[in-house]
2 protein chains.
Amino acid sequence: MFGVKRADTEADVLEANASFYRAFSRADYASMSRLWAERAPVACFHPGAPLLVGRAQVLESWKQILRGPVPMRCDHAVVHLLGDVAFVTCYEGNGDRPAHLAATNAFVLEDDRWRMVHHHVGPLSSPIAKPAPPSKAN
Amino acid sequence: MFGVKRADTEADVLEANASFYRAFSRADYASMSRLWAERAPVACFHPGAPLLVGRAQVLESWKQILRGPVPMRCDHAVVHLLGDVAFVTCYEGNGDRPAHLAATNAFVLEDDRWRMVHHHVGPLSSPIAKPAPPSKAN
(Lines give C-alpha, C1' and ligand atoms only; values in the text may rest on other atoms or scores of the structure.)
Protein backbone atom coordinates (compact mmCIF):
# COMPACT_ATOMS: atom_id res chain seq x y z
CA MET A 1 0.00 0.00 0.00
CA PHE A 2 2.78 2.45 0.88
CA GLY A 3 5.40 1.47 -1.69
CA VAL A 4 3.93 1.57 -5.20
CA LYS A 5 5.25 4.43 -7.29
CA ARG A 6 5.83 6.32 -4.08
CA ALA A 7 8.03 9.04 -5.56
CA ASP A 8 5.61 9.75 -8.42
CA THR A 9 2.69 9.79 -6.04
CA GLU A 10 4.39 12.16 -3.63
CA ALA A 11 5.22 14.47 -6.51
CA ASP A 12 1.58 14.42 -7.62
CA VAL A 13 0.38 15.25 -4.12
CA LEU A 14 2.93 18.06 -3.83
CA GLU A 15 1.70 19.44 -7.16
CA ALA A 16 -1.90 19.40 -5.91
CA ASN A 17 -0.74 21.17 -2.77
CA ALA A 18 1.20 23.72 -4.83
CA SER A 19 -1.89 24.34 -6.97
CA PHE A 20 -3.78 25.25 -3.79
CA TYR A 21 -1.23 27.95 -2.96
CA ARG A 22 -1.14 29.18 -6.56
CA ALA A 23 -4.93 29.58 -6.56
CA PHE A 24 -4.71 31.30 -3.17
CA SER A 25 -1.95 33.71 -4.26
CA ARG A 26 -3.59 34.54 -7.59
CA ALA A 27 -7.11 34.85 -6.16
CA ASP A 28 -8.08 32.20 -8.74
CA TYR A 29 -11.43 30.95 -7.48
CA ALA A 30 -12.07 28.72 -10.52
CA SER A 31 -8.87 26.75 -9.88
CA MET A 32 -9.62 26.61 -6.16
CA SER A 33 -13.07 25.22 -6.91
CA ARG A 34 -11.66 22.58 -9.27
CA LEU A 35 -9.16 21.50 -6.63
CA TRP A 36 -11.68 20.65 -3.91
CA ALA A 37 -13.24 17.18 -4.07
CA GLU A 38 -16.67 16.73 -5.63
CA ARG A 39 -17.80 13.52 -3.91
CA ALA A 40 -15.60 12.96 -0.87
CA PRO A 41 -16.57 14.88 2.28
CA VAL A 42 -14.79 18.22 2.62
CA ALA A 43 -14.16 20.50 5.58
CA CYS A 44 -12.06 23.52 6.48
CA PHE A 45 -10.69 25.26 9.58
CA HIS A 46 -9.64 28.80 8.64
CA PRO A 47 -7.37 30.41 11.28
CA GLY A 48 -9.24 30.70 14.58
CA ALA A 49 -12.60 30.02 12.96
CA PRO A 50 -15.20 27.30 13.60
CA LEU A 51 -15.45 24.34 11.24
CA LEU A 52 -16.89 24.69 7.76
CA VAL A 53 -18.41 21.46 6.42
CA GLY A 54 -19.39 20.50 2.88
CA ARG A 55 -18.31 21.71 -0.51
CA ALA A 56 -20.83 24.57 -0.72
CA GLN A 57 -19.88 26.09 2.64
CA VAL A 58 -16.14 25.62 2.12
CA LEU A 59 -16.14 27.03 -1.42
CA GLU A 60 -18.25 30.02 -0.37
CA SER A 61 -15.57 30.86 2.23
CA TRP A 62 -12.90 30.73 -0.47
CA LYS A 63 -14.99 32.94 -2.75
CA GLN A 64 -14.93 35.57 0.01
CA ILE A 65 -11.21 35.14 0.77
CA LEU A 66 -10.20 35.25 -2.91
CA ARG A 67 -11.73 38.65 -3.59
CA GLY A 68 -8.16 39.89 -3.79
CA PRO A 69 -4.78 38.16 -4.20
CA VAL A 70 -2.99 37.03 -1.04
CA PRO A 71 0.72 36.26 -1.58
CA MET A 72 0.62 33.00 0.41
CA ARG A 73 3.82 30.95 0.44
CA CYS A 74 4.09 27.29 1.44
CA ASP A 75 7.39 26.21 3.05
CA HIS A 76 8.69 22.80 4.12
CA ALA A 77 5.84 20.81 2.55
CA VAL A 78 5.92 17.19 3.73
CA VAL A 79 3.72 14.50 2.16
CA HIS A 80 2.23 11.82 4.42
CA LEU A 81 0.89 9.06 2.15
CA LEU A 82 -1.99 6.82 3.27
CA GLY A 83 -2.85 4.96 0.07
CA ASP A 84 -5.51 6.91 -1.85
CA VAL A 85 -5.48 9.59 0.82
CA ALA A 86 -2.59 11.90 1.65
CA PHE A 87 -2.04 14.86 3.85
CA VAL A 88 0.55 17.56 3.44
CA THR A 89 1.94 19.55 6.33
CA CYS A 90 3.64 22.89 5.74
CA TYR A 91 4.19 26.40 7.04
CA GLU A 92 2.47 29.37 5.44
CA GLY A 93 3.94 32.85 5.10
CA ASN A 94 3.21 36.06 3.18
CA GLY A 95 5.73 37.32 0.65
CA ASP A 96 9.27 37.10 2.05
CA ARG A 97 8.20 37.32 5.68
CA PRO A 98 8.76 34.39 8.06
CA ALA A 99 6.01 31.76 8.01
CA HIS A 100 3.44 32.51 10.73
CA LEU A 101 0.98 29.64 10.22
CA ALA A 102 1.06 25.82 10.37
CA ALA A 103 -1.14 24.02 7.83
CA THR A 104 -2.49 20.54 7.27
CA ASN A 105 -3.92 19.95 3.80
CA ALA A 106 -5.64 16.62 3.11
CA PHE A 107 -6.17 15.17 -0.37
CA VAL A 108 -7.97 12.16 -1.81
CA LEU A 109 -7.63 10.47 -5.20
CA GLU A 110 -10.86 11.22 -7.04
CA ASP A 111 -11.02 10.16 -10.71
CA ASP A 112 -7.24 9.70 -10.67
CA ARG A 113 -6.66 13.27 -9.54
CA TRP A 114 -5.60 14.41 -6.07
CA ARG A 115 -8.31 16.67 -4.78
CA MET A 116 -8.49 18.58 -1.53
CA VAL A 117 -10.76 17.43 1.27
CA HIS A 118 -9.51 19.37 4.29
CA HIS A 119 -7.51 22.48 5.16
CA HIS A 120 -6.62 23.26 8.77
CA VAL A 121 -4.43 26.23 9.53
CA GLY A 122 -3.42 27.90 12.77
CA PRO A 123 -0.77 30.26 14.13
CA LEU A 124 2.82 29.32 14.92
CA SER A 125 4.07 30.58 18.31
CA SER A 126 7.44 31.45 16.74
CA PRO A 127 7.59 32.44 13.07
CA ILE A 128 9.83 30.27 10.87
CA ALA A 129 12.19 32.02 8.43
CA LYS A 130 11.69 31.57 4.70
CA PRO A 131 14.11 28.88 3.46
CA ALA A 132 17.13 30.18 1.59
CA PRO A 133 16.97 29.60 -2.17
CA PRO A 134 19.11 26.69 -3.42
CA SER A 135 22.71 27.65 -4.12
CA LYS A 136 23.50 28.15 -7.83
CA ALA A 137 26.76 26.23 -7.29
CA ASN A 138 24.83 22.99 -6.63
CA MET B 1 -16.30 3.24 -0.95
CA PHE B 2 -18.28 5.68 1.19
CA GLY B 3 -21.42 3.64 1.90
CA VAL B 4 -20.50 0.24 3.36
CA LYS B 5 -21.36 -0.07 7.03
CA ARG B 6 -21.05 3.67 7.28
CA ALA B 7 -22.77 4.03 10.66
CA ASP B 8 -20.68 1.27 12.27
CA THR B 9 -17.51 2.69 10.78
CA GLU B 10 -18.27 6.20 11.99
CA ALA B 11 -18.93 4.84 15.47
CA ASP B 12 -15.59 3.00 15.42
CA VAL B 13 -13.74 6.15 14.35
CA LEU B 14 -15.51 8.18 17.05
CA GLU B 15 -14.49 5.57 19.62
CA ALA B 16 -10.85 5.81 18.48
CA ASN B 17 -11.10 9.58 18.77
CA ALA B 18 -12.68 9.29 22.23
CA SER B 19 -9.88 6.96 23.33
CA PHE B 20 -7.40 9.69 22.39
CA TYR B 21 -9.10 12.15 24.75
CA ARG B 22 -9.42 9.52 27.49
CA ALA B 23 -5.69 8.81 27.29
CA PHE B 24 -5.02 12.57 27.28
CA SER B 25 -7.26 13.26 30.28
CA ARG B 26 -5.96 10.31 32.32
CA ALA B 27 -2.30 10.86 31.42
CA ASP B 28 -2.34 7.27 30.14
CA TYR B 29 0.77 7.07 27.99
CA ALA B 30 0.44 3.32 27.34
CA SER B 31 -3.01 3.80 25.76
CA MET B 32 -1.78 6.83 23.84
CA SER B 33 1.11 4.79 22.47
CA ARG B 34 -1.19 1.92 21.42
CA LEU B 35 -3.48 4.38 19.63
CA TRP B 36 -0.86 5.82 17.28
CA ALA B 37 -0.19 3.86 14.07
CA GLU B 38 2.78 1.51 13.91
CA ARG B 39 3.37 1.40 10.14
CA ALA B 40 1.56 4.34 8.57
CA PRO B 41 3.39 7.69 8.68
CA VAL B 42 2.47 9.81 11.71
CA ALA B 43 2.84 13.51 12.43
CA CYS B 44 1.64 16.06 14.97
CA PHE B 45 1.17 19.81 15.27
CA HIS B 46 0.84 20.73 18.95
CA PRO B 47 -0.59 24.25 19.48
CA GLY B 48 1.72 26.84 17.95
CA ALA B 49 4.58 24.34 17.61
CA PRO B 50 6.55 23.16 14.57
CA LEU B 51 5.79 19.79 13.02
CA LEU B 52 6.75 16.55 14.72
CA VAL B 53 7.27 13.65 12.29
CA GLY B 54 7.49 9.93 12.93
CA ARG B 55 6.24 7.72 15.70
CA ALA B 56 9.30 8.15 17.94
CA GLN B 57 9.21 11.96 17.86
CA VAL B 58 5.43 12.17 18.23
CA LEU B 59 5.25 9.67 21.09
CA GLU B 60 8.14 11.36 22.92
CA SER B 61 6.12 14.60 22.86
CA TRP B 62 3.12 12.80 24.37
CA LYS B 63 5.32 11.27 27.04
CA GLN B 64 6.27 14.81 28.09
CA ILE B 65 2.70 16.14 27.90
CA LEU B 66 1.22 13.20 29.82
CA ARG B 67 3.39 13.68 32.91
CA GLY B 68 0.19 14.86 34.59
CA PRO B 69 -3.51 14.53 33.74
CA VAL B 70 -5.05 17.24 31.56
CA PRO B 71 -8.87 17.31 31.66
CA MET B 72 -9.24 17.66 27.88
CA ARG B 73 -12.79 17.57 26.52
CA CYS B 74 -13.76 16.96 22.87
CA ASP B 75 -16.96 18.68 21.67
CA HIS B 76 -18.84 18.48 18.37
CA ALA B 77 -16.78 15.61 16.95
CA VAL B 78 -17.52 15.14 13.24
CA VAL B 79 -16.25 12.12 11.28
CA HIS B 80 -15.12 12.62 7.68
CA LEU B 81 -14.78 9.16 6.11
CA LEU B 82 -12.37 8.52 3.22
CA GLY B 83 -12.42 4.73 2.96
CA ASP B 84 -9.68 3.26 5.16
CA VAL B 85 -8.72 6.74 6.30
CA ALA B 86 -10.84 9.11 8.34
CA PHE B 87 -10.37 12.42 9.99
CA VAL B 88 -12.30 13.79 12.92
CA THR B 89 -12.76 17.49 13.55
CA CYS B 90 -13.72 18.76 16.99
CA TYR B 91 -13.25 21.51 19.54
CA GLU B 92 -11.15 20.97 22.65
CA GLY B 93 -11.80 22.47 26.06
CA ASN B 94 -10.64 21.98 29.65
CA GLY B 95 -13.13 20.86 32.29
CA ASP B 96 -16.39 22.83 31.94
CA ARG B 97 -14.78 25.84 30.33
CA PRO B 98 -15.65 26.83 26.74
CA ALA B 99 -13.63 25.05 24.08
CA HIS B 100 -10.61 27.14 23.11
CA LEU B 101 -8.96 24.91 20.48
CA ALA B 102 -9.90 23.47 17.07
CA ALA B 103 -8.56 19.98 16.35
CA THR B 104 -8.13 17.70 13.36
CA ASN B 105 -7.40 14.08 14.23
CA ALA B 106 -6.61 11.67 11.37
CA PHE B 107 -6.93 7.89 11.62
CA VAL B 108 -6.10 4.94 9.38
CA LEU B 109 -7.30 1.33 9.51
CA GLU B 110 -4.28 -0.72 10.55
CA ASP B 111 -4.89 -4.42 11.29
CA ASP B 112 -8.65 -3.70 11.41
CA ARG B 113 -8.21 -1.08 14.09
CA TRP B 114 -8.46 2.69 13.67
CA ARG B 115 -5.14 4.16 14.66
CA MET B 116 -4.08 7.77 14.82
CA VAL B 117 -1.77 9.22 12.20
CA HIS B 118 -2.08 12.98 12.69
CA HIS B 119 -3.16 15.51 15.30
CA HIS B 120 -3.33 19.21 14.46
CA VAL B 121 -4.66 21.63 17.03
CA GLY B 122 -4.77 25.41 17.15
CA PRO B 123 -6.59 28.21 18.98
CA LEU B 124 -10.14 29.34 18.30
CA SER B 125 -10.57 33.12 18.04
CA SER B 126 -13.84 32.91 19.98
CA PRO B 127 -14.27 30.13 22.57
CA ILE B 128 -17.24 27.82 21.99
CA ALA B 129 -19.45 26.96 24.98
CA LYS B 130 -19.61 23.39 26.22
CA PRO B 131 -22.74 21.74 24.77
CA ALA B 132 -25.63 21.33 27.19
CA PRO B 133 -26.15 17.74 28.38
CA PRO B 134 -29.05 15.92 26.64
CA SER B 135 -32.42 16.57 28.30
CA LYS B 136 -33.65 13.68 30.44
CA ALA B 137 -37.13 14.21 28.96
CA ASN B 138 -35.95 13.05 25.53
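A, B, ... follow the sequence lines: proteins, then strands. Residue 1 opens every chain.
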message = Are there over 12 heavy-atom neighbours, none belonging to A/Arg97, within less than 6.0 Å of that residue's CZ?
response = no
remark   = Applying a strict 4.5 Å limit to non-hydrogen atoms, the region of B/Pro50 in contact with chain A is both
inquiry  = I'd like to know if A/Phe45 and B/Met72 are part of one continuous hydrophobic network [Ile/Leu/Val/Met/Phe/Trp/Tyr, side-chain heavy atoms within less than 4.5 Å].
reply    = no
task = Mind checking the CZ-CG spacing from A/Phe107 to B/Leu82? Nearest 0.5 Å is all I need.
result = 12.5 Å
Proximal component of B/Ala102, with respect to chain A [non-hydrogen, under 4.5 Å] = both
task = May I ask whether A/Leu66 and A/Leu59 are part of the same hydrophobic cluster, defined by side-chain heavy atoms of I, L, V, M, F, W, Y residues being less than 4.5 angstrom apart, directly or through others?
result = yes
ask   = Taking C-beta and beyond as the side chain, do A/Val117 and B/Phe87 meet within less than 4.5 Å on heavy atoms?
value = yes
query = What residue in B/Pro47, B/Pro123, B/Ala99, B/Ser126 has the most heavy-atom pairs under 4.5 Å with chain A?
reply = B/Pro123
inquiry  = I need the single residue from A/Ile128, A/Thr104, A/Thr89 that forms a side-chain contact (heavy atoms from CB on, under 4.5 Å) with B/Leu51. Which is it?
reply    = A/Thr89
query = Is it the case that one hydrophobic cluster holds both B/Tyr21 and B/Val78, taking links as side-chain heavy atoms less than 4.5 Å apart, direct or via other members?
reply = no
note = Note: A/Gly122 and B/His120 closest approach over all heavy atoms is N-NE2, 4.3 Å
Neighbours of chain B found in residues 26-36 of chain A - heavy atoms under 4.5 Å = none
Single-linkage hydrophobic cluster A/Val58~A/Phe24, side-chain heavy atoms < 4.5 angstrom = yes
message = Can you tell me which portion of A/Ala103 sits under 4.5 Å from chain B's heavy atoms? Options are side chain, backbone, both or neither.
response = backbone
message = Are A/Leu52 and A/Val42 linked, directly or through intermediate hydrophobic residues, by side-chain heavy-atom contacts shorter than 4.5 Å (ILVMFWY only)?
response = yes
